[in-house]
There are 2 protein chains.
Amino acid sequence: MTPSRQSGSGVETPAGRPRGTAFLLSQVGAHAAARFADLLGGLGVAPADVGLLRMIATQPGRSQQSLAEELGVVPSRVVALVDGLEGKGLIERRRNPRDRRNYALHLTADGTHVMTEMRTLGAAHEEEICAGLDHTQRAQLTALLETIAARQGLTPGVHPGYRQH
Amino acid sequence: MTPSRQSGSGVETPAGRPRGTAFLLSQVGAHAAARFADLLGGLGVAPADVGLLRMIATQPGRSQQSLAEELGVVPSRVVALVDGLEGKGLIERRRNPRDRRNYALHLTADGTHVMTEMRTLGAAHEEEICAGLDHTQRAQLTALLETIAARQGLTPGVHPGYRQH
DNA sequence: TATTGTTATACTCTATAACTATA
DNA sequence: TATAGTTATAGAGTATAACAATA
């Protein structure tokens, strides 16, 4: 299965366009992310806000430090993200009387509502991106992607877009 | 196949982590892009330089305008990218005596050399990302991604990371 | 001293708009 | 007037490092 001599490395077409699986992954993945960002625009939140909101919704009372660690970003960035979400009235910082150094983060009623809308958006996005595939193909694709994600050591549910340089 | 009532929309696990195919695509795609950027670092070029170099290599003499149009970016951005690549000695601007308004862009000898190394890097990257998959699975994944790319109207070989807001 | 969070700062990326040279 | 390219500028995103409050 190893052609003795082919044009170049096999990752480009004769016309010079990239054609490898890795490029396709990056291309389609960036498109999916951009489309989701578009959908989110209507809600007034940015892609980076989504992970934060989701973690606070799942584990209310988390500190900024713990979010920074799980997302792989510097604490000062969490300050900016939390400032934004608090300014929009989606979350609130509650002082912990036991240890007044840290905040316990909680969703507000508005924040809970936005989370619900985000889930609806997520389902619509899923449908849009997978539109050309039948049920079997979707399952196949998911399995292949999960295999790569595990092999590459990606943390389930955490987007690498957060990761520090 | 429509469960009458499930936990949420189906795009999140009970623990609140996203699990949809679209999220996986975005996650794995971003990881692939980041790894490629890492590999490129050793060559001293950025991901955004790659498409430009490739287009100039494939069609020498192209103008900055034509690159801007194909990549979907504003001409002033091409100026910055071309400035960078010219500064590194990888490409050169040649005046066209027939129409002195535009430049014909060409790779230098160094640029050609870097293109060769980029192809090698591309093959290594491909191998790294697909490491957990056998030949059949790689072909399956490629086919599924190509189906989505076509359905979503993506231009073959052009990364959406360039696209204008 | 150690920890949580904040501020000040700087750097990169990228778009908009005004401008120059040429046609 | 129209086109190719450039410059000036501004805004978003994100890291580093110094700092304040609390433990």
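Numbered from 1 within each chain, the chains take letters A, B, ... in sequence-line order.
Across D:dA4, C:dT4, C:dA15, the shortest atom-to-atom separation from the side chain of B:Q65 is found for D:dA4. Among C:dA23, D:dA15, C:dG5, the nucleotide with an atom closest to any side-chain atom of A:S63 is C:dG5. Closest to the B:R100 side chain, of the nucleotides D:dA15, D:dG5, C:dT22, is C:dT22. Relative to the side chain of B:N102, the nucleotides D:dG5, C:dA2, C:dT6 differ in distance, and D:dG5 lies closest.
When each of A:A46 and B:D83 is assigned the nucleotide of DNA chain D with its nearest heavy atom, B:D83 is the one assigned upstream, toward the 5' end. Between A:D99 and A:R77, the residue whose closest nucleotide on DNA chain D is further toward the 5' end is A:R77.
The interatomic distance linking A:R101 (CZ) with D:dT22 (P) rounds to 11 Å, in whole Å. Rounded to whole Å, atom P of D:dA4 lies 18 Å from atom CG of B:L81. The separation between A:Q64 atom CD and D:dT22 atom P is 15 Å, rounded to whole Å. Put simply, CG on B:L71 is 14 Å from C1' on C:dT14, counting in whole angstrom units. Summarising the geometry, the separation between CG on B:N96 and C1' on D:dG5 is reported as 14 Å, rounded to the nearest angstrom. Across the protein-nucleic acid pair, A:L52 atom CG and C:dG5 atom P stand 12 Å apart, rounded to whole Å.
Between B:H159 and A:F23, the angle of the ring planes goes over 60°, which puts this pair in the perpendicular group of the 30/60° scheme.
B:T58 and A:G16 make their closest contact through OG1-CA, 3.7 Å (heavy atoms, listed as atom of the first residue, atom of the second, distance). Of all the heavy atoms in B:V114 and B:L43, the pair that sits closest is O-CD1, 4.2 Å.
Taking the centre and axis of the six-membered ring of A:Y103, the NZ or CZ atom of A:R95 falls inside the cone set by 45° and 6.0 Å.
Taking only distance into account, the side chain of B:S76 meets the base of C:dT16 through a donor-acceptor pair shorter than 3.5 Å.
Using a 4.0 Å heavy-atom cutoff across all strands shown, B:R93 reaches sugar-phosphate atoms only and no base atom.
By the 4.5 Å heavy-atom criterion applied to side chains, A:V50 and A:M118 are counted as neighbours.
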